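First the structure, in the form of structure tokens, and then the observations on it.
These numbers were taken from a predicted model, which means no experiment stands behind them.
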Amino acid sequence: MLDVLRKPAADPAGERPGDDQDPAPVPYLPYALIAAVLTGLYFLYSWVQYDHFRTPSWDLGIFGQAVRSYAEFRVPVADIKGPGFPILGDHFSPVTALLAPLYWLWPSPVSLLFAQAALFAGSAVIVGRTAQQILGSRATGIALTVAYGLSWGLQEAVKSDFHEIAFAVPLLALTCRALLLGRWTAAVAWSAPLVLVKEDMGLTVAMVGAVLALKGQKKLGAALAAFGAAFFALTVLVLIPTASKLGQYDYWAKIEKTGGGAETSLVQIATDALTSGERWEMVLHLLAITAFLALRSPLVLLALPTLGWRFVSQDANHWGTHWHYSAVLMPIVFLALVDAVRAVRTSPRPWLASYGKVAVAAATAVALTLAADLPLRDLLKPETYAADLRAEQARAAVAAVPEGASVEADVPLLAHLTADHTVYWVGTSKGATPDYLALDLRGWSGQASDPAVTASQLHPEAAYELVHRSDGFAVLKRK
């Protein structure tokens, strides 16, 4: 690590150029074209998944409600989590308010999917251009742009619909770029807004400060580290509990309790974290897409806060390579690879210098090999676009709920109703009696043979009558 941490002298302004001089300018056009293709691929996958009612969770509906609230100049709420549930009392992500103007033009949760596709693709431009500037090769820049754009972390995030971390991905890419180019104040400027993306990002900001300190910017690094740590504490101890109806940061339970609800101990948490094959397999995949050379760069330290909370979490969804949790790690490890390749060029170890010459090619090969079994591959399959009876049944169920009505629905229907209805998730509408129930008969709500029986179990205080039914879905109206 010593050759990686060796620092050029800072200039009087506290900035420094690259190794000897500012890198030569890099044209945007080749990278912009790749980004346009990536945006199209990401959005096509997301749209097909949405249009065919294959939404994997309730999250798109929740974010759709939150952004709709901002667009209507209301306090952001997510009724899907409970009537009038303040979303800032769940996760602290005010950055999603930036999507309100897009929502004015396109009042649909699909607009969020497009925004995420564009943000992810934009981060690929940052990674690729930085690679070309630092390493001096357009082929290298293009290769890493493609490898990054098809990386498993981004593809799994696209499959998981929209999440607020879409904003963190380009911000982290810009932060790492600034660190590589020795633009210290720019690194601070790009990293500081991360605290508005999600509460755990405060710890990542603090780690950016630590990296700045390692690079000789001790005062600036200490100030940023203090800011990140303080904002993390402020959000989880004050802001979220104040906004939450529960009066606390509810996600502590992900560490304190097992999936079955049993209390954990520090010993159990540490033992599970260190012996979990699924957690370490995720780390293996993370480092493999950099041919393991990212370990030679101090930038890889920026991944530790995210890996840390995922390792100590008792929620199995946080451990592996699925869902959206690894998207924020992709710009970190890819630009750490760029940093490491630059550093090992002058290594006194011949084998390491030689490995640095092929590391980008190896990393690209690994990333593309893994991509062969990742979500975007489905875009090559005709059955992905084929007419789907279940989707048609779901579409008919959505159409059976009049615009403006309140409705309690199962997960497949939630996001499709949020633009013009008050929407609750089945079982979370306590304190409210919705006008309609839209039930997925293949889900848990279909355990009763008669949807009216299910309705009476959900709302014994009200009476509902069946107004629409297919093999897959039923819609009931309150009498």
Please check: side-chain N/O of [X] versus main-chain N/O of [Y], any donor-acceptor pairing under 3.5 Å?
{"X": "T306", "Y": "A303", "answer": "no"}
{"X": "Q65", "Y": "V77", "answer": "no"}
{"X": "Y385", "Y": "L379", "answer": "yes"}
{"X": "E164", "Y": "V95", "answer": "no"}
{"X": "H318", "Y": "V312", "answer": "no"}
{"X": "H52", "Y": "A386", "answer": "yes"}

Qualifying salt bridge (Lys or Arg N to Asp or Glu O under 4.0 Å) pairs with a residue from residues 87-104, counting only residues at least two apart or across chains: K81-D90
All pairs passing salt bridge (Lys or Arg N to Asp or Glu O under 4.0 Å) where residues 47-57 contributes a residue, at least two apart: D51-R395
Residues that W319 engages under ring-ring contact (aromatic ring centres under 6.0 Å, His included), provided they are two or more places apart: none
Neighbour count above 12 (heavy atom, 6.0 Å) for L266 CG: no
Residues, nucleotides or ligands: over 12 heavy atoms within 6.0 Å of F114 CZ: no
F63, W425, F85 screened by ring pair (Phe, Tyr, Trp, His ring centres under 6.0 Å) with W58, the one that passes: W425
Not counting sequence neighbours, which residues clear side chain to side chain contact (heavy atoms under 4.5 Å, CB included) with [X]? List them please.
{"X": "A327", "result": "F120, L154, A157, I165, V169"}
{"X": "A178", "result": "R183, A186, A187"}
{"X": "A452", "result": "D450, L476"}
{"X": "A432", "result": "P83, Y424"}

I'd like to check the salt bridge (Lys or Arg N to Asp or Glu O under 4.0 Å) partners of [X]; sequence neighbours left out, ordered by chain and number.
{"X": "K430", "result": "none"}
{"X": "D435", "result": "R478"}
{"X": "D250", "result": "none"}
{"X": "R310", "result": "none"}

OH on Y325 to CD on E156, rounded to 0.5 Å: 12.5 Å
Between CG on residue L458 and OG on residue S429, distance to nearest 0.5 Å: 7.0 Å
Side-chain ion pair, R74 and E72, N-O less than 4.0 Å: yes
Side-chain touch Y148/L337, heavy atoms, less than 4.5 angstrom: no
F53 and H416 aromatic ring geometry - parallel, tilted or perpendicular at 30°/60° bounds: parallel
Which atom of L113 lies closest to which atom of F43, heavy atoms considered: C-CD1, 4.0 Å
Sequence neighbours excluded, every pair satisfying side-chain hydrogen bond (donor to acceptor under 3.5 Å, both in side chains) that has a member inside residues 192-212: H91-E199, E199-Y249, D200-W309
